[in-house]
J.: 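Right, I'll just put the structure down here and ask away after.
Fair warning: this is a prediction, and the values are worked out from it, not measured in the lab. A, B, ... follow the sequence lines: proteins, then strands. Residue 1 opens every chain.
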Amino acid sequence: MAQKELLKVNHLKQYFPIKGGFFGRTVNHVKAVDDVSFEIYEGETLSVVGESGCGKSTTGRAILRLDDPTEGTIEFDGEDLLSLSKREMRNRRKDIQVIFQDPYASLNPRQTVAKILTEAMEIQNVVPKNKRRERAIELLETVGLNAEQIDRYPHEFSGGQRQRVGIARALAVEPKLIVCDEAVSALDVSVQAQVLNLLKKLQREFNLTFLFIAHDLGVVRHISDRVAVMYLGKVVEIADKKSLFENPQHPYTKALLSAIPTPDPENKKERIVLKGDVPSPIDPPTGCRFHTRCPFATDLCKQDIPELRNLDHMEEGHRAACHHIEKIVSGDMKPNY
Amino acid sequence: GDGSGEPEEESDNNEETGSEDTGSEEESENEGDSGSASGGDLVIAIPSDVVSMSTHGSNDVPSSNVQENIYETLTDLDENQEVVPGLAEEWEEVDETTWDFHLREGVKFHDGAELTAEVVKQNFDRLVDEEIASPRAFLFEAVESVEVVDDYTVRINLKYPYAPLLANLAHSGTAIMSPNIIEEDYAQMEEGGDVDAYINQNPVGTGPFVYESWEPGGQVVLSRNENYWGEPAKLDTVTFKVVSEQSTRIAELETDASHVADAIGPNNVSRVENTEGMSVLSSPSVSLSYVSFNVEKEPFDDPKVRQAISMAVNKEEIIQGIYNGAGIPAIGPLAPPVFGYDESVSGLEYDPERAKELLAEAGYEDGFSTTIWTNDNEQRVDTAVAIQNQLSEIGIDVEIEELEWGAYLERTANGEHDMFILGWSTVTSDADYGMYPLFHSSQHGSPGNRSFLSNDEIDSILDEARRETDPEARKELYSQAQEMLVEIAPMIYIHHQEYLLGVDETVQDFGIDAQGIYQIKDAYIE
Amino acid sequence: MFQFIVRRLLQLIPVLLGVTILVFSLMHLSPGNPAHIIAGESAPKDTVEQIEERLGLNDPILVQYGNFLKDVVTLDFGNSWRTSLPVSEELWPKFWVTFELSVYSTIFSIFLGLIAGIISAVRQYSVADVSIMLVALFGLSMPNFWLGLMLMQWFSINLGWLPATGWGSAEQIVLPVITLGTMGAAVIARMTRSSMLDVVTQDYIRTARAKGLSERLVIYKHALKNALIPVVTVVGLQFGSLLAGAVLTESVFAINGMGKLIVDRILARDFPTVQAAVLVIAVIFVLVNLLVDISYKFLNKRIDLD
Amino acid sequence: MSEEIILDIKDLRTSFFTEDVEVKAVDGVSFKLPKGKTIGIVGESGSGKSITALSILRLLEHPGKIVGGEINFKDKDLTKASDREIRDIRGNEISMIFQEPMTSLNPVYTVGQQIRETLKVHQGLGKEQGTKKGVELLELVGIPSPKKRITQYPHELSGGMRQRVMIAMALACNPELLIADEPTTALDVTIQAQILEIINDLQDRFDMSVIMITHDMGVVAETCDYVAVMYGGKVVEYADVKTIFKEPKHPYTVGLLNSIPRHDVDVDELEPIRGNVPSPNDMPKGCRFAPRCPFATDLCYEELPSLDKVSDDNQVRCWIYSERWDGDPEVKVNGPERTS
Amino acid sequence: MNAEQANNQSTEQKKKKVDSPFKRSAKDFYKKLKKNKSALIGGYLIIALIIIAIVGPFFTVYDPVHDTDYMVKLQGPSAEHWFGTDHHGRDVFTRVIHGLGITLGIGFFATILGGIVGVLVGIISGYYGGRVDSIIMRLMDVLLAFPGILLALALISILGASLQNVVIAVSIFAIPTFARIVRGSTLATKNLEYIDAMRALGASDARIIFKHIFPNILSPIIVQASLFVATAILSASGLSFLGLGAQPPSPELGAILSNGRDFMWDAGHIALFPGLGIMIILLAFNVFGDGLRDALDPKMKK
Ligand SMILES: Nc1ncnc2c1ncn2[C@@H]1O[C@H](COP(=O)(O)OP(=O)(O)OP(=O)(O)O)[C@@H](O)[C@H]1O
Ligand SMILES: Nc1ncnc2c1ncn2[C@@H]1O[C@H](COP(=O)(O)OP(=O)(O)OP(=O)(O)O)[C@@H](O)[C@H]1O
Ligand SMILES: [Mg+2]
Ligand SMILES: [Mg+2]
Ligand code: NI
């Protein structure tokens, strides 16, 4: 591909210590992100989906350098973010924005929406001072809020409205990359549609790039160019949207796609129900992380960590981390429900 | 002291001496048959803490008050401030500079040691020992040496004839401590211990009371010396309890926790008087409260200015207004009970008109601005306020500044002041003590002459009066000095105050002498 | 946490060193020569000099500091310049008295202050709130000695219920503790109130209510723990400052404690005693503040102290 | 209908009295919920869904107030119940899952402590039993290593885990009525499926009734028996679930269904409803949806339609279905065309 | 009215509303403050006190320091002497009026000075944590352990005794108190998501500290400050015996109050009125502080 890599995440690891005992010694680690690599091209949308708790938000936070990752590099525009000084990083932040998963917690309760938005502009100095309020109103309206609501405080909004304030804030500084952590999850479908259209429009106009973390696969399908599937701190499959939805390779991806509820009360479809205990990032399973619940698991899966691979029958750029892709495709292996 | 407990209390009556008379004339070795009726346990609420149990340790009233009961001096002062025998039965002036003292025989210290000439010499040598650096060493300033003549005779050789010697020997600073504790204290010093560290914890004397305990900042407890050489005391124990807050001392009295509350402020007299079961004991003192000028500074270098100010101050108003009438106006530096006081001397009368004239003569018809310093003593501050207003009437603009005691002592000793208020207590009841340190030019600064007066005539009179052994001649000299000091006016002699104590009705025969020392030995509780 | 505690205790060393330097230099900077004070108002110059010599005041300043430090390190603080008694012997009994006094007073303040503060917060702007505030302000604007003397007048003199002075017995404890604790109670009450008001509007309080908890549990368990950080800080500060600042209460009730000792001895320029006392207070402050920091961690695990 | 009605809300009105205006967040909501059934509340963000839910449990905060209406739970009017009564109901008979798990969990207690508390208050379970039950509950909602997780603080969990903790807490006492305010927004579809399964199961076993507030139409379709569509503080359409999806009547419902992004087909542009939600303090006099409605006439702007039955299983608040309709009589409100 | 109209209208409204952000927020704040009854009462009280302090002295009949008259000393309140006379026979009312300003000044400036420094130090300590925190907090421990009198004594010898210096001395011991309170709250606040959000936006530390942490920890600061006014006044008068602070015969209220204790039972009015004066000052600051707190709290009640 001739596209420019805007962001490149290499071997990212993030371990959180678990303290225990009276003196609070570190007794264990939560391996929230465990060796994740991917890249995002300029102007595209990469969605990250995966089980709750698999490390999506943590990856996002690491990219934003809100936490200090345990290991790995994050290259943005060819520059390793993790090696920047605090001040250099501050200047970079104009280009990378985030919409937080918990909109309410991420808004200063003592600032009105107007203040929240104008301050964002002020920090990165993107709009002349006397225009900021006007621009803030504009932003609010683009995300479907009312101009009159601009002088309200976060607690006076509904959940979805708060989320839209968060979106407006991210858009306010005109970034290059936005990490959208469940950015539209609290929105009703109509507003969601509006916002998604908006994001797409902005992407077209300003060549914006999105890292889109979401659960709603409908949304993911609509917005993304490529999709990465994470499971327990690792990327298990990454592919072009179409290829992923239509030709999923990894057993987890397949299970995920089958679990999507359809907005049709009469047509309740078959789901692949995953068996077994959900493993935890505190004591992740050996080998393939998914083997404890995988209908195809063999002893090999228990021992070796599979690499992301691209095989002949898969489209270019479609990679999955499973030892048995070939056999599953060929039907040699039957799921063992 | 008004009783707030700050160390300024020391400032009031900073010297003392004394002695209870003890009816000691008739000796009596009755060994106070231990059957003597129980006189009860007396509790005295005192405004500030005892500092030292060693007679050489410090120079403050609370310590003296305790020491006076544990230790005894060679001579004593009776209620008329006359010198009477103490541990020395009699004495003679061998020549102008040589004195022999014959000790009472058979006097035993509380630890059983015997009082001998050797012990007395040991004590006096220690008093002037530089290592000890006693703040009371000045009492022996004129002493050349002390000799043991025989077991019960001590000889004191003077550097020059020194009339106040007998009075000084009545001062508790020259009281006699047991040889054992002196030796032990020296022994500990050898090993790096501090001066008086041992004595403070083990005071042993010959007095009517025996040391029981001392809790610094808290209380001192003494008990009756059953083996006292004279007539034993009546009280079983005496407790000196530190209660620094005046109102609390009164509360102690009201709740019967204490029997005596020392240092009642003039404003609280009526409160005590109006409470049933207690009364105020007021007693004249040998102390003077004064406002001193810095005569080395303009405009106070001009006697006219000093006189003018002295005449502009209305002492009566101060005594009535601030002290509620407790005390008498001062004419000169000496209080009436002091040897050498001359009642015929007439002071500068209150006369603001004349004061203005004098100021004009001195070239200050428009007045001037100055400051008056005081330490944190309620009455002194109030006096300063009164003086400020009185002086404003002759056009002098006074600013009042309060200083903390340490700074006050140092800065007045350095002569940094314009005017300041302080008191002086002639604790030996001898005019020498009452005038020499205050006015002799050799005593500039910390020794006492904080007005920095240098007047040759005064110097020579004071020197002469010291050496003069004839009492009448001495008196004559001191009269002269008093008259001159009124003229020179190095300070405004404000008044001689009264001691005010609250005493419970049940306490009998308790007294306080002119030096501020409690008379406990004959006291008892009904 | 263990490491944290050890590290904090090690920090005592620089703190104490800092304290010694500061005390030492401030004592020397203060006007007033200790020898003068010992010698009294009329002190011949040679007496003053002898005393200076005896106290070592003529040594070079660094030598003096060195000697002092040596005393500190050997935990023998030397003898008081005022009473000539060993400093440690004088200090400890007084320290314990004041320590007890401070502990009881702090308990009193916490108890009263927390309850009043909570009531105030829960019923914001009610009659109860306003009256608590007025009482608190009354307690604050009344100097300690006033309160103490008034209590003494009523309870000891007029009613005769409690002894006026002293320390030790249960009856003797009551009045001084009330006197000393009132100001702290007022501060804690106001602090609790405002801190609670910040917390009671949070969503998790709503959650607690939704669980069907009684209002008491909601307030005391959910709101209070979140509101407690400034309160705990204040309590720590209060306790520490009581230890050093009980002078007025001690004077009023004739309690022979460290607060009075410190003030008296500063004024008497009794360097060894002052230095020792300040060191003791510094140690207590560091320990109390360590406890406060640890309690932060207990109150809110998210607080990162390292 | 022979079903037992467990919750009957009549004309509920809740307002916020802000500095200068009264924000009518809920403005006349009525619906009935039969025992053991699930009602889905969908609608525009900000249309008053959460406030309705909070009103039921009387958890509104200042300056919010219920200004009118009745909330009949079993036979009690909750708007008039005493504090004590309502407290016994909360967490026990009616539980609620809050929309924003991060701020709704107490940051200073472990999730275990928070779960145990409910158990203790309503079931008197001690610490040990409580922990045991707590671990079971966490396991139930699919949180791995529940024994470890139960000792962690909310900020140490992922968004989805927090949400599941909220769910576990709500389910702890087997409530008769569960109010779930967007319970699965932060959950991936597999977990979501699992949670919905659990709710379903409880419903079967204990005859639990559920109010499901969500905007995931998929969830609605899969779990709900009835659906109330809210717009601007009012219910604009109320019907059983099939009818809503097959024959939506209200233009807003139709618009909503049309905006759903599909996971099975690609579309370039989603089709949102045009225009913006009117601000609550500046509501149109007539139909609240009028400014955005493609069919609006003057009548729509002037007068508020009532919620009328248009068929056996359908109530709509729209002039189109009334006698007074003055627009195109042939108007056809088109339902979505779903391929699958 | 149709959709377009509605739109037009709202754009108009928009235009009207555009205003400089600072002016807006100041206006808003003022509006809220005005809405808050207690803030209003407190504010008016403070203003009234200031006016009395400035203007009052011109209207008193007596002289606050020079009218000593021992014939009328210790008289109770009467028509002639509203608050009675003190032990120098001075008119207590006059003295209280004259002393108000000094007392107010000491309380206010000592609090502001110490508060500003303490808040700064505490917030920096809490925000940066680690070594910075250790160093600052241990310094504060040293300061805390320090007897105020010693500090004051040294200060006199360094700076001299004056009214300003008592303010400095008192504010120095305010520093560690403020610092610790602020630090504690900062620690609890700095990990919240919205602070992360600001970091993600690229906000500088200074901005995060002052615009985001500070407003959110304002409550304890306000409380501490409004309470410290009392401590400042009382400690200032407690230092006057060192020569630091108001010197006799200054009518500073704290000084009158503490000197009045000897007349507590015979002439309680001497201390009563200055005491009430101090209490009113405190009341004013605390009521205002409460109001301020509420006005700044977006979730405030009426
Ligand atoms: N404290 C408040 N003060 C003023 N208005 C409020 C307050 N709380 C909520 N509102 C308003 O009430 C309306 C309804 O809010 P509600 O939370 O019920 O919406 P919702 O339907 O749950 O939306 P969402 O799907 O976005 O969560 C919103 O317009 C909101 O702005
Ligand atoms: N501060 C922290 N301390 C300890 N563990 C943490 C912390 N933050 C996150 N974790 C753990 O890291 C793991 C990944 O969390 P993360 O928030 O990235 O999940 P996620 O993929 O975003 O999940 P969700 O979809 O539920 O939001 C979880 O197990 C979580 O418990
Ligand atoms: Mg997440
Ligand atoms: Mg909601
Ligand atoms: Ni005093």
J.: Non-hydrogen atoms of chain E under 4.5 Å away: do they reach the side chain of C:Leu243, the backbone, both or neither?
T.: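 It is neither, since no heavy atom gets under 4.5 Å.
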J.: Where the side chain of C:Trp146 meets the backbone of E:Ala271, is there a donor-acceptor pair that is under 3.5 Å apart?
T.: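 No, because the side chain of C:Trp146 does not come within donor-acceptor range (under 3.5 Å) of the backbone of E:Ala271.
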J.: Less than 4.5 Å to any heavy atom of chain C: does that hold for the side chain of E:Val287, its backbone, both, or neither?
T.: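 Its backbone and side chain both get close to chain C.
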J.: Are C:Arg193 and E:Asp290 close enough that some pair of their side-chain heavy atoms sits under 4.5 Å apart?
T.: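 Yes, at least one pair of side-chain atoms sits under 4.5 Å.
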J.: State the CG-CG distance between C:Asp293 and E:Leu187, to the nearest 0.5 angstrom.
T.: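 It is 7.5 Å, given to the nearest 0.5 Å.
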J.: Which heavy-atom pair separates C:Ser141 from E:Ile278 by the least distance, and what is that distance?
T.: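 Reported closest heavy-atom pair: CB-CG2, 3.7 Å.
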J.: Can you find a pair of side-chain heavy atoms, one from E:Arg180 and one from C:Val292, that are under 4.5 Å apart?
T.: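 Sidechains of C:Val292 and E:Arg180: in contact.
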J.: Any side-chain heavy atom of C:Val263 within less than 4.5 Å of one from E:Pro147?
T.: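 Side chain of C:Val263 against side chain of E:Pro147, heavy atoms only: no contact under 4.5 Å found.
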J.: Based on non-hydrogen pairs under 4.5 Å, which of E:Ser258, E:Ala230, E:Pro176 is most in contact with chain C?
T.: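 Ranked by contacts with chain C, first place is E:Ser258.
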J.: Name the region of C:Asp198, side chain, backbone, both or neither, that has any atom closer than 4.5 Å to a heavy atom of chain E.
T.: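 Backbone plus side chain of C:Asp198, per the 4.5 Å heavy-atom cut-off to chain E.
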J.: If I measure from the heavy atoms of chain E, does C:Ile262 come under 4.5 Å with its side chain, its backbone, both, or neither?
T.: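 Just the side chain, heavy atoms under 4.5 Å.
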J.: Using non-hydrogen atoms and a 4.5 Å limit, figure out which bit of C:Ile229 sits close to chain E: side chain, backbone, both or neither.
T.: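 Side chain only.
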J.: Going through the checks in order, is the side chain to side chain contact (heavy atoms under 4.5 Å, CB included) test met by C:Leu29 and E:Leu153?
T.: CA-CA 8 Å; C:Leu29 273 176; E:Leu153 266 181; over 6 Å; no
J.: Would you mind checking which part of C:Phe138 comes under 4.5 Å of any heavy atom in chain E, side chain (CB onward), backbone (N, CA, C, O), both or neither?
T.: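 For C:Phe138, heavy atoms of backbone and side chain both lie under 4.5 Å from chain E.
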J.: Just so I understand: if I count every heavy-atom pair under 4.5 Å between each of C:Val247, C:Val278, C:Leu237, C:Val19 and chain E, which residue has the most?
T.: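 Option with the greatest count: C:Leu237.
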J.: Below 4.5 Å, heavy atoms only, C-beta onward: do E:Leu282 and C:Leu140 meet side chain to side chain?
T.: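 Yes, at least one pair of side-chain atoms sits under 4.5 Å.
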J.: Establish, from distance only, whether the side-chain atoms of E:Asp141 and C:Gln11 form a donor-acceptor pair under 3.5 Å.
T.: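 On atom types as modelled, these side chains do not qualify, holding no pair under 3.5 Å.
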J.: Heavy-atom pairs under 4.5 Å with chain C: which of E:Ile149, E:Asn216, E:Asn286, E:Leu192 has the most?
T.: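 The residue among E:Ile149, E:Asn216, E:Asn286, E:Leu192 with the greatest pair count is E:Asn286.
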J.: Are any of the side-chain heavy atoms of C:Met183 and E:Leu227 separated by less than 4.5 Å?
T.: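 Of all side-chain heavy-atom pairs linking E:Leu227 with C:Met183, none is under 4.5 Å.
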J.: Tell me, for C:Arg265 versus chain E, whether the close heavy atoms (under 4.5 Å) come from the side chain, the backbone, both or neither.
T.: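 Looking at C:Arg265, nothing touches chain E.
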J.: How close do E:Ala188 and C:Asn300 get, heavy atom to heavy atom, and via which atoms?
T.: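 Smallest heavy-atom distance, with atoms named: CB-ND2, 4.1 Å.
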J.: Are the side chains of E:Arg138 and C:Leu12 in touch, meaning some heavy atoms are under 4.5 Å apart?
T.: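 Sidechains of C:Leu12 and E:Arg138: no contact.
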J.: Heavy-atom distances under 4.5 Å only: say whether C:Val274 touches chain E with side chain, backbone, both or neither.
T.: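 Side chain only.
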J.: Is chain C contacted by the side chain of E:Leu276, its backbone, both, or neither, given a heavy-atom distance below 4.5 Å?
T.: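 Neither part, no heavy atoms under 4.5 Å.
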J.: Counting only non-hydrogen atoms closer than 4.5 Å, does C:Leu22 touch chain E with its backbone (N, CA, C, O), its side chain (CB onward), both, or neither?
T.: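 The answer is both parts of C:Leu22.
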J.: Has C:Arg302 got a side-chain atom pairing as donor or acceptor with E:Asn191's backbone, closer than 3.5 angstrom?
T.: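 Checking the backbone N and O of E:Asn191 against the side chain of C:Arg302, a donor-acceptor pair under 3.5 Å is found.
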J.: Evaluate E:Phe228 against C:Val187 for side chain to side chain contact (heavy atoms under 4.5 Å, CB included), listing each step before the verdict.
T.: CA-CA 9 Å; E:Phe228 190 78; C:Val187 175; over 6 Å; no
J.: Taking all atoms of both residues into account, what is the closest heavy-atom pair of E:Pro220 and C:Met191, and its distance?
T.: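 Result for this residue pair: O-CE, 3.5 Å.
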J.: Just so I understand: if I count every heavy-atom pair under 4.5 Å between each of E:Gly148, E:Ala152, E:Ala154, E:Gly289 and chain C, which residue has the most?
T.: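 The option with the most such pairs is E:Ala154.
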J.: Apply side chain to side chain contact (heavy atoms under 4.5 Å, CB included) to E:Phe146 and C:Ile281, showing your working.
T.: CA-CA 8 Å; E:Phe146 237 76; C:Ile281 292 173; over 6 Å; no
J.: Could you give me the CA-CA distance, side-chain angles and deciding distance for C:Asn289 and E:Met137, then say whether side chain to side chain contact (heavy atoms under 4.5 Å, CB included) is met?
T.: CA-CA 9 Å; C:Asn289 285 340; E:Met137 279 303 123; over 6 Å; no
J.: For the residue pair C:Ser30 and E:Ser157, establish whether any side-chain heavy-atom pair is separated by less than 4.5 Å.
T.: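 With C-beta onward as the side chain, the pair stays apart.
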J.: Where on C:Ser194 is there a heavy atom nearer than 4.5 Å to chain E: the side chain, the backbone, both, or neither?
T.: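 The answer is both parts of C:Ser194.
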J.: Which answer fits E:Arg131, side chain, backbone, both or neither, if we ask what part of it has an atom under 4.5 Å from a heavy atom of chain C?
T.: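 Neither; nothing under 4.5 Å.
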J.: Side chain, backbone, both or neither: which part of E:Ile156 has a heavy atom under 4.5 Å from chain C?
T.: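 Answer is neither: E:Ile156 stays 4.5 Å or more from chain C.
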J.: Under 4.5 Å heavy-atom distance to chain E, tell me which part of C:Met142 shows up: side chain, backbone, both or neither.
T.: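 Contact with chain E involves the backbone of C:Met142 alone.
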J.: Name the region of C:Leu197, side chain, backbone, both or neither, that has any atom closer than 4.5 Å to a heavy atom of chain E.
T.: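 Both parts, backbone and side chain.
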J.: What part of E:Ile158 is in contact with chain C, defined as an atom under 4.5 angstrom from a non-hydrogen atom: side chain, backbone, both or neither?
T.: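 Only the side chain of E:Ile158 comes within 4.5 Å of chain C.
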